Amino acid sequence: MHRRDYFRNRFSKDFLNQGIDICRLCHDGIHDLYDEMQLAKSLCSLDALINDAALQRHCKWVSKQKYTSLN
């Protein structure tokens, strides 16, 4: 989304390059629920992600899953 004029005109380069650290299950869940455009326009901050009801349900489910290390 960073190359699109809509985002380049509305957000700074630093803002567009921000990220958050999340586990793989949460990352996959976010992308299962929302496409890239929805994430870029409506869920572009940590607060927006935290306050989303569908993601809250998903993260609650993830928190109950057994952790397995890949090592």
Side-chain angles (χ1 to χ4, degrees):
M1 298 292 130
H2 297 180
R3 290 183 303 261
R4 294 182 183 230
D5 288 338
Y6 175 88
F7 299 103
R8 287 181 31 208
N9 293 335
R10 287 171 176 75
F11 302 101
S12 71
K13 189 174 185 176
D14 288 336
F15 182 84
L16 291 173
N17 288 320
Q18 289 182 49
I20 58 172
D21 292 325
I22 57 174
C23 73
R24 175 52 56 186
L25 283 175
C26 288
H27 180 267
D28 291 346
I30 290 169
H31 286 287
D32 287 344
L33 291 167
Y34 300 106
D35 64 30
E36 293 289 330
M37 189 60 74
Q38 289 173 302
L39 290 169
K41 285 191 173 183
S42 334
L43 297 166
C44 59
S45 71
L46 181 58
D47 286 337
L49 292 168
I50 289 171
N51 291 318
D52 183 75
L55 289 176
Q56 288 175 358
R57 286 190 302 276
H58 177 72
C59 291
K60 185 175 180 180
W61 173 82
V62 167
S63 72
K64 295 176 184 178
Q65 302 310 300
K66 185 177 180 179
Y67 173 77
T68 55
S69 176
L70 297 176
N71 294 335

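Given the structure is predicted, the values throughout are model-derived calculations rather than measurements. Keep in mind that the numbers below use all heavy atoms, side chains included, and drop hydrogens, waters and symmetry copies.
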Straight-line distance of Gln65 CD to Cys23 SG, nearest 0.5 Å: 10.0 Å
query: Rounded to the nearest 0.5 Å, what separation is found between the NZ atom of Lys41 and the CG atom of Asp35?
result: 10.5 Å
statement: Closest non-hydrogen atoms of Ala48 and Ser42, given as atom of the first, atom of the second and distance, are CB-O, 3.8 Å
query: For Ala53, does its backbone N or O pair with a side-chain atom of His58 as donor and acceptor, under 3.5 Å?
result: no
Arg24 and His27: CA distance, side-chain angles, deciding distance, side-chain contact (heavy atoms from CB on, under 4.5 Å) verdict: CA-CA 5 Å; Arg24 175 52 56 186; His27 180 267; 2.9 Å; yes
- request: Any chance you could pull the hydrophobic cluster mates of Tyr34, using side-chain heavy atoms under 4.5 angstrom and chaining through other members?
  value: Ile20, Ile22, Ile30, Leu33, Leu39, Leu43, Leu46, Leu49, Ile50, Leu55
